[in-house]
Engineer: 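Below: one structure in structure tokens.
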Amino acid sequence: APPLKLLVMSATLDHVAVAELLDGAPVVSSDGRQYPVETRYGAAYQLRDPVVPAVVQAVLRAVQEEDGSILVFLPGQREIMTAARELTGLLRAGGHRDIHVLPLYGGLSLERQQQAILPPAPGERKIVLSTNLAETSLTIEGVSVVVDSGLVREAVFDPPTGMTRLATRRITRASAEQRQGRAGRLGPGTCYRLWSEQQHRRLVARATPEILQADLAPLALQLLSWGVEDTAELAWLDRPPEGPYRQAIAVLERCGAAFQNDAGRFQLTPHGVRLAQMPLHPRL
């Protein structure tokens, strides 16, 4: 037997492309859930529409119609904190003191993240308001209901300005299926989608790979530290775009991290070698 086995796991990757890149590697597929999930669609809505009021109404509906804890997907921390305040007030006013509203996002302390992940006390329920952090393999105990805003906030690189900005976008069909499956981990569940069934059919199948829309300066720094100047030297699932990669090399030159030698090839300066050892963007 070979001494090393490599297993590539993902809920949303294009497995055909990955298998081809790995010389026809075998594919093992799983549905991603153990139990059936009923899906309930909402009315059509646009990106410019405020999302928190619609989410709050869907959560209150789920509280009345379903048992068990509820996992809510929102695009970011701002929406999570706003929804948490509104839901906490409305639930207390309605006498639901056995339902606890808990945020879950990357900036929380480990202790507060654990509060959202652990099962509720007997006789109690929880509403976990999360970013797409909970879209991963993370299992939140007690959840049998998902309320999905259908939105995600992503970092997008803007080549004309050379800066990265956050953009709120609709999720893909693959992401929607992944979120829906969170309701069927521990038993039959229900998923409330805030968009219409017609809008769902128009969602793109998969997200644009990050390498095609990200700031490539950190990648260029890493490749030069390996002695790779031309991205064509490596096999890629998605090759970095030529224009943004040239721009990334120019950023490294301005940072004093790279220079073009007499042979016309780019290499790192001693300063660039130090930068490559630090877990920071080269600009920082």
Side-chain angles (χ1 to χ4, degrees), residues 1-27 76 105-107 131-133 135-137 152-169 171-172 174-175 204-284:
L4 175 66
K5 291 185 179 180
L6 179 65
L7 179 65
V8 180
M9 297 180 63
S10 173
T12 55
L13 269 182
D14 181 356
H15 64 274
V16 175
V18 175
E20 290 177 354
L21 181 67
L22 299 177
D23 295 328
V27 175
Y105 52 87
T131 61
N132 59 354
L133 174 67
E135 192 180 309
T136 63
S137 57
V152 64
R153 189 159 293 138
E154 298 178 324
V156 180
F157 181 63
D158 184 20
T161 64
M163 301 295 290
T164 298
R165 59 182 175 84
L166 290 175
T168 301
R169 296 177 168 181
I171 59 174
T172 64
S175 183
V204 298
R206 290 183 175 85
T208 301
E210 184 179 357
I211 199 170
L212 301 182
Q213 60 183 13
D215 182 355
L216 298 181
L219 173 65
L221 181 67
Q222 187 65 65
L223 292 184
L224 290 180
S225 73
W226 293 344
V228 177
E229 181 199 5
D230 189 346
T231 58
E233 298 175 39
L234 303 178
W236 301 85
L237 192 59
D238 295 284
R239 185 176 172 183
E242 185 176 348
Y245 190 77
R246 287 201 305 268
Q247 185 180 35
I249 294 292
V251 168
L252 297 184
E253 287 186 283
R254 290 196 296 273
C255 291
F259 72 100
Q260 195 170 18
N261 61 26
D262 294 337
R265 297 180 62 86
F266 286 96
Q267 66 182 73
L268 293 184
T269 64
H271 180 61
V273 173
R274 290 290 308 279
L275 294 187
Q277 298 168 352
M278 299 179 179
L280 294 169
H281 192 287
R283 285 194 183 95
L284 298 178

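Heads up: numbering here begins at 1 and tracks the sequence.
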Engineer: Mind checking what makes salt bridge (Lys or Arg N to Asp or Glu O under 4.0 Å) contact with Asp262, not counting sequence neighbours?
Structural biologist: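 Salt bridge (Lys or Arg N to Asp or Glu O under 4.0 Å) check on Asp262 returns nothing, list empty.
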
Engineer: Not counting sequence neighbours, list each pair that qualifies as a salt bridge (charged side-chain N to carboxylate O under 4.0 Å, His left out) and has a residue in residues 13-22.
Structural biologist: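 Applying salt bridge (charged side-chain N to carboxylate O under 4.0 Å, His left out) to every pair that reaches into residues 13-22, excluding sequence neighbours, yields nothing.
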
Engineer: Has Trp236 got a side-chain atom pairing as donor or acceptor with Thr231's backbone, closer than 3.5 angstrom?
Structural biologist: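 Indeed, once roles are kept as given, a pair shorter than 3.5 Å links the two residues.
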
Engineer: Kindly compute the distance separating CZ (Phe157) from CG (Leu216), expressed to the nearest 0.5 Å.
Structural biologist: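 The CG atom of Leu216 is 7.5 Å from CZ of Phe157, to the nearest 0.5 Å.
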
Engineer: Please enumerate all residues that pass side-chain hydrogen bond (donor to acceptor under 3.5 Å, both in side chains) together with Thr208, with sequence neighbours excluded.
Structural biologist: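 Per chain and number, Thr208 pairs via side-chain hydrogen bond (donor to acceptor under 3.5 Å, both in side chains) with no residue.
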
Engineer: Mind checking whether Pro209 and Leu237 have side chains closer than 4.5 Å, heavy atoms only?
Structural biologist: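 Counting from C-beta outward, Pro209 and Leu237 never come under 4.5 Å.
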
Engineer: Run the side chain to side chain contact (heavy atoms under 4.5 Å, CB included) test against Gln260 and tell me which residues pass, sequence neighbours left out.
Structural biologist: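 With neighbours one apart ignored, the set is Phe266.
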
Engineer: If you round to the nearest 0.5 Å, how far is CH2 of Trp226 from CG of Leu234?
Structural biologist: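 These two atoms lie 7.5 Å from each other.
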
Engineer: For the residue pair Ala19 and Val27, what are the closest heavy atoms and their distance?
Structural biologist: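 Looking at all heavy atoms of both residues, the shortest contact is CB-CG2, 3.9 Å.
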
Engineer: Taking side-chain hydrogen bond (donor to acceptor under 3.5 Å, both in side chains) as the definition, give me every residue that meets it alongside Gln267, ordered by chain and number, with sequence neighbours left out.
Structural biologist: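 Counting only residues at least two positions away or on another chain, Gln267 forms a side-chain hydrogen bond (donor to acceptor under 3.5 Å, both in side chains) with Asn261.
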
Engineer: Any side-chain heavy atom of Pro240 within less than 4.5 Å of one from Leu212?
Structural biologist: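 No. Closest side-chain heavy atoms not under 4.5 Å.
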
Engineer: Which pairs would a plain distance check flag for residues 243-256, meaning a side-chain donor or acceptor within less than 3.5 Å of a matching protein atom at least two apart in sequence or in another chain?
Structural biologist:
residue	atom	partner	partner atom	Å
Arg246	NH1	Glu242	OE2	2.9
Gln247	NE2	Pro159	O	2.8

Engineer: Test: salt bridge (charged side-chain N to carboxylate O under 4.0 Å, His left out). Region: residues 220-229. Which pairs qualify, not counting sequence neighbours?
Structural biologist: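 Checked against salt bridge (charged side-chain N to carboxylate O under 4.0 Å, His left out) - neighbours excluded - the pairs reaching residues 220-229 are Glu229-Arg265.
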
Engineer: Can you name the residues that form a side-chain hydrogen bond (donor to acceptor under 3.5 Å, both in side chains) with Thr269, not counting sequence neighbours?
Structural biologist: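 Applying side-chain hydrogen bond (donor to acceptor under 3.5 Å, both in side chains) to Thr269 gives none.
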
Engineer: Side-chain atoms of residues 1-8: list all donor-acceptor pairs with protein atoms under 3.5 Å, sequence neighbours left out, distances to 0.1 Å.
Structural biologist:
none

Engineer: Under 4.5 Å between any side-chain heavy atoms of Asn132 and Ser175, yes or no?
Structural biologist: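 Not in contact.
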
Engineer: Rounded to the nearest 0.5 Å, what's the gap from CZ on Arg153 to CG on Leu166? Could you check?
Structural biologist: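 The CG atom of Leu166 is 7.0 Å from CZ of Arg153, to the nearest 0.5 Å.
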
Engineer: Heavy atoms, side chains only, cut-off 4.5 Å: are Thr172 and Val152 in contact?
Structural biologist: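 Thr172 does not reach Val152 side chain to side chain.
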
Engineer: Do other residues, nucleotides or ligands put more than 12 heavy atoms under 6.0 Å from the CD atom of Gln222?
Structural biologist: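 Counting neighbours around CD of Gln222, more than 12 heavy atoms of other residues, nucleotides or ligands fall under 6.0 Å, so yes.
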
Engineer: Which donor-acceptor pairs under 3.5 Å do side chains of residues 274-282 form with protein atoms, sequence neighbours excluded?
Structural biologist:
residue	atom	partner	partner atom	Å
His281	ND1	Arg283	N	3.0
His281	NE2	Asp215	OD2	2.8

Engineer: With Arg206, which residues qualify under salt bridge (Lys or Arg N to Asp or Glu O under 4.0 Å), at least two apart?
Structural biologist: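 Partners of Arg206 under the salt bridge (Lys or Arg N to Asp or Glu O under 4.0 Å) test: none.
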
Engineer: So, using side-chain hydrogen bond (donor to acceptor under 3.5 Å, both in side chains) as the criterion, who are the partners of Thr164 when residues are at least two apart?
Structural biologist: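 Thr164 satisfies side-chain hydrogen bond (donor to acceptor under 3.5 Å, both in side chains) with no residue once adjacent residues are dropped.
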
